[in-house]
Amino acid sequence: MGHVKDNLTTLLKSIPAGVDLVAVSKFHPVEALQEAYDAGQRVFGESRATELAAKARQMPGDVKWHFIGHLQTNKVRTVLPHVDLIHSVDSEKLLRLIDSEASRLGRRVRVLMQLHVAKEETKYGLTPHEMTSLLTPEFVSSLQSVEIAGIMGMASNTDDEERIREDFRAIRTVFDRLADTTFAGAEGFSIVSMGMSHDWTIAVGEGANMIRVGTTIFG
């Protein structure tokens, strides 16, 4: 090992102040996560419910686990006891289920709403219109145990930097619109999660304050 610490240290030096790093540790062994932990990283992102739960039992208790993959409704119960933030809420049904399950556990769960702006149909998420239509003040106030902490999105999988920039700009625009309307005055609505190993610098330039980086750290 050893390269994980070096990669992480180099990356952290290049991330501007005010931008939080989620180390995307999916598919990597606990030993690699532990090396990142020993180098100071505390926030890890997983995309499979059972893998997250297993790693949570092996890693130190102060790790903050973020679920970043597509969350199936039948995996909500697996994830909820361990997770600090769910990045990928892409339907009213899922949001309601997380709310009821969090209530059952007696805890409050933070989530990000996933926005779809990319040109690929395969990506999950709500369209800008669907998201702003769903997230009315009345709907948000009806949630008992969920705090909507912001939005997450991905850019199109392309080499066209201008298209990537436009996608990130569109995500930030939706966040700003919601922050000025439904979530006006809500301090907890603050996260714009966008950007990965190959495009995080563009994302930060367009207003990301949380990035999800895996390959650059773990290889």
Side-chain angles (χ1 to χ4, degrees), residues 20-26 33 37 41-116 123-127 130-154 171 174-175 177-179 181-194 208-212:
D20 293 326
L21 170 66
V22 180
V24 179
S25 49
K26 61 181 183 179
L33 278 68
Y37 178 92
Q41 183 65 23
R42 291 295 180 270
V43 182
F44 294 87
E46 293 285 334
S47 63
R48 290 182 175 177
T50 50
E51 185 176 352
L52 185 152
K55 286 177 176 174
R57 286 189 284 268
Q58 297 176 72
M59 289 288 289
D62 62 338
V63 167
K64 288 182 167 30
W65 296 100
H66 288 200
F67 190 84
I68 60 172
H70 177 62
L71 182 56
Q72 296 170 301
T73 53
N74 65 346
K75 297 295 186 184
V76 170
R77 282 196 171 189
T78 305
V79 163
L80 239 51
H82 310 287
V83 79
D84 181 69
L85 181 66
I86 298 171
H87 285 237
S88 47
V89 178
D90 58 2
S91 70
E92 179 181 350
K93 178 184 177 184
L94 179 60
L95 188 59
R96 292 282 192 199
L97 180 61
I98 293 168
D99 189 42
S100 63
E101 186 63 20
S103 294
R104 190 184 71 82
L105 292 173
R107 63 165 303 199
R108 192 160 178 79
V109 175
R110 296 190 308 148
V111 304
L112 305 180
M113 300 300 297
Q114 185 169 355
L115 190 66
H116 185 287
K123 286 189 168 71
Y124 296 99
L126 299 163
T127 67
E130 287 169 341
M131 188 173 292
T132 53
S133 298
L134 174 64
L135 297 181
T136 63
E138 296 76 21
F139 174 74
V140 172
S141 65
S142 75
L143 300 169
Q144 301 296 310
S145 300
V146 161
E147 178 182 7
I148 298 175
I151 65 175
M152 181 273 267
M154 287 178 272
I171 295 166
V174 173
F175 171 84
R177 189 183 310 153
L178 288 167
T181 54
T182 298
F183 297 96
E187 289 183 17
F189 187 79
S190 60
I191 298 172
V192 183
S193 171
M194 57 187 190
N209 56 23
M210 181 175 283
I211 59 175
R212 310 177 303 274

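Since the structure is predicted, the reported quantities are computational estimates derived from the model, not experimental observations.
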Check your understanding: Where do Val109 and Glu147 land on the side-chain contact (heavy atoms from CB on, under 4.5 Å) test, with the steps shown first?
Key -> CA-CA 6 Å; Val109 175; Glu147 178 182 7; over 6 Å; no
Exercise for review: Please assess Phe67 against Ser88 for the test side-chain contact (heavy atoms from CB on, under 4.5 Å), listing each intermediate value before the final yes or no.
Suggested key: CA-CA 7 Å; Phe67 190 84; Ser88 47; 3.8 Å; yes
Point to revise | side-chain contact (heavy atoms from CB on, under 4.5 Å) between Asp20 and Asn209, intermediate numbers included | key: CA-CA 6 Å; Asp20 293 326; Asn209 56 23; over 6 Å; no
Exercise for review: I would like to know whether Val140 and Phe183 meet side-chain contact (heavy atoms from CB on, under 4.5 Å); could you show each step before the answer?
Suggested key: CA-CA 9 Å; Val140 172; Phe183 297 96; 3.8 Å; yes
Check your understanding: Can Arg96 and Thr73 be said to form a side chain to side chain donor-acceptor pair (under 3.5 Å), step by step?
Key -> CA-CA 10 Å; Arg96 292 282 192 199; Thr73 53; over 6 Å; no
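Using a 4.5 Å heavy-atom cutoff, the side chains of Val192 and Met210 are not in contact. Looking at heavy atoms from C-beta onward, Phe189 lies out of side-chain contact with Thr182 at the 4.5 angstrom threshold. Contact check for Arg77 versus Leu105: no side-chain heavy atoms found under the 4.5 Å cut-off. Using a 4.5 Å heavy-atom cutoff, the side chains of Ile151 and Met131 are in contact. With contacts defined as side-chain heavy-atom distances shorter than 4.5 Å, the pair Ile68/Val24 qualifies. Using a 4.5 Å heavy-atom cutoff, the side chains of Leu134 and Leu126 are in contact. The shortest side-chain heavy-atom distance between Arg57 and His82 falls under the 4.5 Å cut-off. In this structure, the side chains of Glu130 and His116 stay at 4.5 Å or more apart for every pair of heavy atoms.
Gln58 places a side-chain N or O within 3.5 Å of a backbone atom of Ala54 that can act as its donor or acceptor partner. Looking at Arg104, its side chain never comes within 3.5 Å of a backbone N or O of Asp99 through a donor-acceptor pair. Put simply, the side chain of Ser141 gets close to the backbone of Pro137: a donor and an acceptor are under 3.5 Å apart. Proximity of a side-chain donor or acceptor of Gln41 to a complementary backbone N or O of Leu21 within less than 3.5 Å is detected.
Heavy-atom minimum distance, Ala49 versus Val79: CB-CG2, 3.4 Å. Counting all heavy atoms, side chain and backbone alike, Ser193 lies closest to Leu112 at CB-CD1, 3.5 Å. Minimum heavy-atom separation, Gly153 to Met194: O-CB, 3.5 Å.
Counting heavy atoms of neighbouring residues, nucleotides and ligands inside a 6.0 Å radius, atom CZ of Arg48 does not exceed 12 of them. Heavy-atom neighbours of Phe139 CZ from other residues, nucleotides or ligands within 6.0 Å: above the threshold of 12. No more than 12 heavy atoms of other residues, nucleotides or ligands lie within 6.0 Å of NZ in Lys26, so this atom counts as exposed by the packing criterion.
Rounding to the nearest 0.5 Å gives a distance of 12.5 Å between CG of Leu115 and NZ of Lys123. Taking CG of Leu95 as the reference point, atom CG of Leu71 lies at 11.0 Å (rounded to 0.5 Å). Between Leu52 atom CG and Ser25 atom OG the span is 8.0 Å, to the nearest 0.5 Å.
Look at Lys55 and Glu46 and you find a salt bridge, because one of the NZ, NE, NH1 or NH2 atoms lies within 4.0 Å of a carboxylate O, short of that distance.
With Arg110 as the fixed residue, the side-chain contact (heavy atoms from CB on, under 4.5 Å) test singles out one of Asp84, Ile86, Ile148: Asp84.
Using cut-offs of 30° and 60° on the angle between ring planes, the pair His66 and His87 is tilted. Taking the six-membered ring where tryptophan is involved, the planes of Phe44 and Trp65 are tilted, since the angle between them lies from 30° to 60°.
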